[in-house]
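Note that the structure is a prediction, hence the values are computed from the model and not measured. Atoms considered below: every heavy atom in the structure, side chains included; atoms not considered: hydrogens, waters and symmetry mates.
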Amino acid sequence: GSVYMNPEYEDVDLERALQWAVWASETESPVCCVAVFPKWKKSRYMNLLKHPNVRVACQFARGTFSFLPPDHWSNTRRAGTAKWQVLVIEIANDAGKELYHTGIDRDLEEAGKTFGAKPVNIVRPASEDASRGIFSPPDALFYKAKAHVPTERAVCTHDLPPDKIELPEHACYRFPKGERVFTDGSLNDSGGIGAAYYDESTDNTTRITVGTGEGILRAELTAILKVIQDKQGVDSVLRVFTD
């Protein structure tokens, strides 16, 4: 199928996600996946960029690519910029390209420019012939995974681009504004692990210290625990959103 992914930025998660996309592209089913990855030159997943079904569609300069916070639809606030170069990677087989691929790489670069990301020249990996034979075959867990079969095909009722779709006020809110708290854990600027939560009712972000040597999962759970602790005794509905 057609897939977009932006995994947790930890080596093990990035490698697993990209490896599974590569294995999927080696099947007979049409596969076309777009992935947003950091360019960490010493990480093992970078070797997968040499696979015949993988290519870097565009690349953005360090300190220019900003991610959207979880409540981006309700305000103009943006998250900080990535402290490394960001890659937009396409993982696709021939059937997937024929079925799903539209537009050109320049479209991705132009989209990045709209939020301040600066495209840079891509250093292409080794040729397809030189890269064959250095990749591991699918493991047992991959073979156990069940293919997703959609119950019905999505139907597009308009041909407007996303930025031209007009929504009535508060149409995007499933829950009343002010009840939501968003948590996250991630790498921080110094390369360590950090956590934080954003409280919609106060419009404040609380940053949380996470012990050294801990992983992303511990950071995510620490953020959730901190919200519960800080909200004890508050007589209101609390809805915690986490990834």
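- Side chains of I89 and V54 form a contact here, defined as non-hydrogen atoms less than 4.5 Å apart.
- To the nearest 0.5 Å, the span separating CG on L18 from CZ on R16 amounts to 12.5 Å.
- Although no hydrogens or angles enter the test, the distance criterion places no donor-acceptor pair under 3.5 Å between the side chain of D13 and the main chain of P7.
- Here the side chain of E10 pairs a donor or acceptor atom with the backbone of I216 at under 3.5 angstrom.
- Residues G103 and D107 approach most closely at CA-OD2, 3.4 Å, considering heavy atoms.
- Neither V88 nor V31 shares a network with the other; the hydrophobic side chains, linked directly or stepwise wherever heavy atoms of I, L, V, M, F, W or Y lie under 4.5 Å apart, form separate groups for each.
- No side-chain N or O of D184 forms a donor-acceptor pair with one of Y198 less than 3.5 Å apart.
- Hydrophobic clustering, with ILVMFWY side chains joined whenever heavy atoms are under 4.5 angstrom apart, keeps L14 apart from V3.
- Nearest heavy atoms, V210 versus A195: CG2-CB, 3.8 Å.
- Atoms CD and CD, on Q85 and Q59 in that order, are 4.5 Å from each other to the nearest 0.5 Å.
- Closest approach of A17 to M5, counting heavy atoms only: O-CE, 3.6 Å.
- Side-chain atoms of N47 do not come within 3.5 Å of backbone N or O of R44 as any donor-acceptor pair.
- Within 6.0 Å of CZ in R207 there are 12 or fewer heavy atoms belonging to other residues, nucleotides or ligands.
- Between the SG atom in C33 and the OH atom in Y4 there is a gap of 10.0 Å [rounded to 0.5 Å].
- Here I224 contributes atom CD1 and I208 contributes atom CD1; the two are 10.0 Å apart, rounded to the nearest 0.5 Å.
- I193 and A219 make their closest contact through CG2-CB, 3.4 Å (heavy atoms, listed as atom of the first residue, atom of the second, distance).
- By the criterion of side-chain heavy atoms lying less than 4.5 angstrom apart, applied directly or through intervening Ile, Leu, Val, Met, Phe, Trp or Tyr residues, V227 is not grouped with V234; the two fall into different hydrophobic clusters.
- Every pair passing side-chain hydrogen bond (donor to acceptor under 3.5 Å, both in side chains) that includes a residue from residues 86-99 is listed here, sequence neighbours excluded: R55-E90, E90-H101.
- Distance check, rounded to the nearest 0.5 Å: CG of D11 to CE of M46 gives 11.0 Å.
- Side-chain heavy atoms closer than 4.5 Å link hydrophobic residues (I, L, V, M, F, W, Y) into clusters, and following such links, possibly through other members, connects W40 to L49.
- Looking only at distances, a side-chain donor or acceptor of T64 sits under 3.5 Å from a matching main-chain atom of K118.
- A salt bridge is defined here as a Lys NZ or Arg NE, NH1 or NH2 lying under 4.0 Å from an Asp or Glu carboxylate O, and D199 with R180 fails to meet this definition.
- Remark: side-chain polar atoms of W20 are not paired, donor with acceptor, to backbone N or O of E15 under 3.5 angstrom.
- With F60 as the fixed residue, the ring-ring contact (aromatic ring centres under 6.0 Å, His included) test singles out one of F115, F37, F65, W84: F65.
- To the nearest 0.5 Å, atoms CG (L48) and CD1 (I91) are separated by 9.5 Å.
- Hydrophobic clustering, with ILVMFWY side chains joined whenever heavy atoms are under 4.5 angstrom apart, groups L87 together with L108.
- Partner of Y197 under the side-chain hydrogen bond (donor to acceptor under 3.5 Å, both in side chains) criterion, chosen from T222, T242, D230, T183: D230.
- In this structure E28 satisfies the side-chain contact (heavy atoms from CB on, under 4.5 Å) test with no other residue, sequence neighbours excluded.
- When all heavy atoms of Y100 and S2 are compared, the closest pair comes out as CD2-CB, 3.6 Å.
- Taking every heavy atom of both residues into account, P38 and Y45 meet most closely at O-OH, 2.6 Å.
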